[in-house]
Amino acid sequence: MSKLDAISLRDTSLPKIKVHATVVFSILNNFTRRSPRDSRVIGTLLGEVKDGVVHVTDCFAVPFTEKVDELLVTIDQKYHKSMYSFHLRNNKRETIVGWYTTTTEQGQFLNDNSSLINNFYRTECERPVHLVVDTTLIGDNLDVRGFVSKPIYVGEDLLAQSFQEVKVDVAVSDSEATALYHMINGQDKDSRWEEPSIVSALPTTTRSVEDAILQLQKVLDSAQTYVDAVVDNNAKVAVSREIGIALADSLNSFAAQKASANQQSALQTRLQDLVMVSYISTLTQTQALISEKLNEVLV
């Protein structure tokens with residue numbers, strides 16, 4: 001049992017955090033654009049709470065200054081309130097659920113100033129969650145950890161804030177996963193990430209069909225190699241009854257799915273539409289280039 005599981009079992013009231021991948025990207029973007037005098041950044045988390053799960057769907061950065069040695073934190077509250085009011089105009093369902101920060105230069109997830117910042121966000125929501133993104137990249141993975149605070153009282157006096165770690169799940173939708181895949185695999189192998197001229201675009205419909213056919217061909221070649229090895233009694237290949245049944249079912253389903261006249265007509269119409277869209281796109285690009293050249297000549 002991990003340490004996090006043990007803490008969660010002892011206190012069932014601890015919430016769970018489900019943060020969208022776009023929020024993590026926004027935090028990293030805020031960190032890369034920070035002022036040279038700042039070693040980390042903070043910001044406000046937006047979302048909603050459902051059935052004990054805090055769904056973090058958006059965030060925005062908040063300017064601040066801190067002095068760790070003097071236990072001093074100054075937050076631009078006016079900027080924070082203005083940004084939140086602007087956000088409510090577009091999405092009233094998302095409310096303040098907590099705050100985020102990045103690790104310190106020493107790789108610390110929490111320090112003494114964390115309690116001071118958390119006290120401010122306790123005035124903005126009932127029980128703020130604290131999300132920390134590891135920007136030191138000491139490990140192999142990008143670490144995202146979540147905390148909630150509990151006040152420690154001595155009598156009637158507040159002594160300190162105790163932070164307890166909670167489970168964090170990074171949610172990635174199908175569209176986000178597709179974009180990430182092409183952002184990573186669409187880069188040139190001999191290029192560097194810091195070159196701004198490198199752009200990875202989503203594949204066109206024709207390219208997607210081509211890639212799908214090539215992938216299908218690889219699967220069929222692999223299945224053919226396996227069947228040939230089984231027929232030749234190759235000792236290196238383990239005979240599997242389940243694989244044989246799966247291959248037979250696949251062949252039977254393919255033979256049963258014969259395109260009707262209407263389906264063939266719809267497929268042909270779809271293909272013609274794709275050709276027309278490709279033609280219009282090329283024509284639009286050509287007109288834009290001609291217009292740009294004309295403007296350069298006239299200027």
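Heavy-atom basis, side chains included; hydrogens, waters and symmetry copies ignored. Everything numeric here is computed off the predicted structure, so don't read it as measured data.
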Are side-chain heavy atoms of [X] and [Y] found at a separation under 4.5 Å?
| X | Y | value |
| --- | --- | --- |
| Ile17 | Val144 | no |
| Leu46 | Ile96 | yes |
| Met83 | Thr44 | no |
| Arg37 | Thr65 | yes |
| Leu220 | Gln217 | no |
| Ile27 | Leu131 | yes |
| Gln77 | Phe120 | yes |

Minimal non-hydrogen separation, [X] against [Y], with atom names:
| X | Y | result |
| --- | --- | --- |
| Pro128 | Gly98 | CB-CA, 3.8 Å |
| Pro15 | Val166 | O-CB, 3.3 Å |
| Val168 | Gly146 | CG2-N, 3.2 Å |
| Ala223 | Leu247 | CB-CD2, 4.1 Å |
| Leu110 | His130 | CD2-CD2, 3.5 Å |
| Tyr100 | Cys59 | CE2-CB, 3.9 Å |

Which distance, rounded to the nearest 0.5 Å, do you find between the [atom1] of [X] and the [atom2] of [Y]?
| X | Y | atom1 | atom2 | answer |
| --- | --- | --- | --- | --- |
| Asp143 | Thr103 | CG | OG1 | 9.0 Å |
| Phe86 | Ser82 | CZ | OG | 5.5 Å |
| Leu72 | Asp112 | CG | CG | 13.0 Å |
| Thr102 | Phe31 | OG1 | CZ | 5.0 Å |
| Leu274 | Gln272 | CG | CD | 10.5 Å |
| Asp38 | Glu105 | CG | CD | 10.0 Å |

Test side chain to side chain contact (heavy atoms under 4.5 Å, CB included) applied to Lys167 and Lys18, step by step: CA-CA 8 Å; Lys167 185 178 180 180; Lys18 187 174 183 180; over 6 Å; no
Taking only residues two or more places apart in sequence, or in another chain, which ones meet [X] in a side chain to side chain donor-acceptor pair (under 3.5 Å)?
| X | value |
| --- | --- |
| Thr95 | none |
| Glu242 | Ser240 |
| Lys16 | none |
| Asn118 | Trp99, Ser149 |

Derivation and outcome, side chain to side chain contact (heavy atoms under 4.5 Å, CB included), residues Val62 and Tyr121: CA-CA 12 Å; Val62 177; Tyr121 279 94; 3.8 Å; yes
Residues, nucleotides or ligands: over 12 heavy atoms within 6.0 Å of Gln106 CD: yes
Using the test side chain to side chain contact (heavy atoms under 4.5 Å, CB included), find all partners of [X] that sit at least two apart in sequence or belong to another chain.
| X | answer |
| --- | --- |
| His20 | Thr22, Val23, Thr57 |
| Thr32 | Asn29 |
| Asn111 | Arg40, Glu66, Val68, Thr104, Gln108, Asn113, Ser114 |
| Val275 | none |

Summary of ring-ring contact (aromatic ring centres under 6.0 Å, His included) pairs that have at least one residue in residues 48-69, sequence neighbours excluded: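 Residue pairs passing ring-ring contact (aromatic ring centres under 6.0 Å, His included), neighbours aside: Phe60-His80.
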Which atom pairs, one a donor and one an acceptor, fall under 3.5 Å between side chains of residues 277-290 and the rest of the protein, sequence neighbours left out?
from   : atom 1 : to     : atom 2 : distance (Å)
Thr282 : OG1    : Ser278 : O      : 3.0
Thr284 : OG1    : Ile280 : O      : 2.8
Thr286 : OG1    : Thr282 : O      : 2.9

CA sep, side-chain torsions, deciding dist, call: Thr101, Ile117, side chain to side chain contact (heavy atoms under 4.5 Å, CB included): CA-CA 10 Å; Thr101 185; Ile117 302 174; 6.0 Å; no
Linking I/L/V/M/F/W/Y whenever any side-chain heavy atoms sit under 4.5 Å apart, do [X] and [Y] land together?
| X | Y | answer |
| --- | --- | --- |
| Val56 | Leu28 | yes |
| Val148 | Val49 | yes |
| Val231 | Tyr226 | yes |
| Val54 | Val170 | yes |
| Val132 | Val19 | no |

Check: Asn119 side chain, Ser115 main-chain N or O, donor-acceptor pair, under 3.5 Å: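 Pair found, side chain donor or acceptor close to backbone of Ser115.
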Salt bridge (charged side-chain N to carboxylate O under 4.0 Å, His left out) against Lys92, all qualifying residues, sequence neighbours excluded: none
Pairs satisfying salt bridge (Lys or Arg N to Asp or Glu O under 4.0 Å), at least one member in residues 41-64, at least two apart: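 Listed by first then second residue: Glu48-Lys50, Glu48-Arg93.
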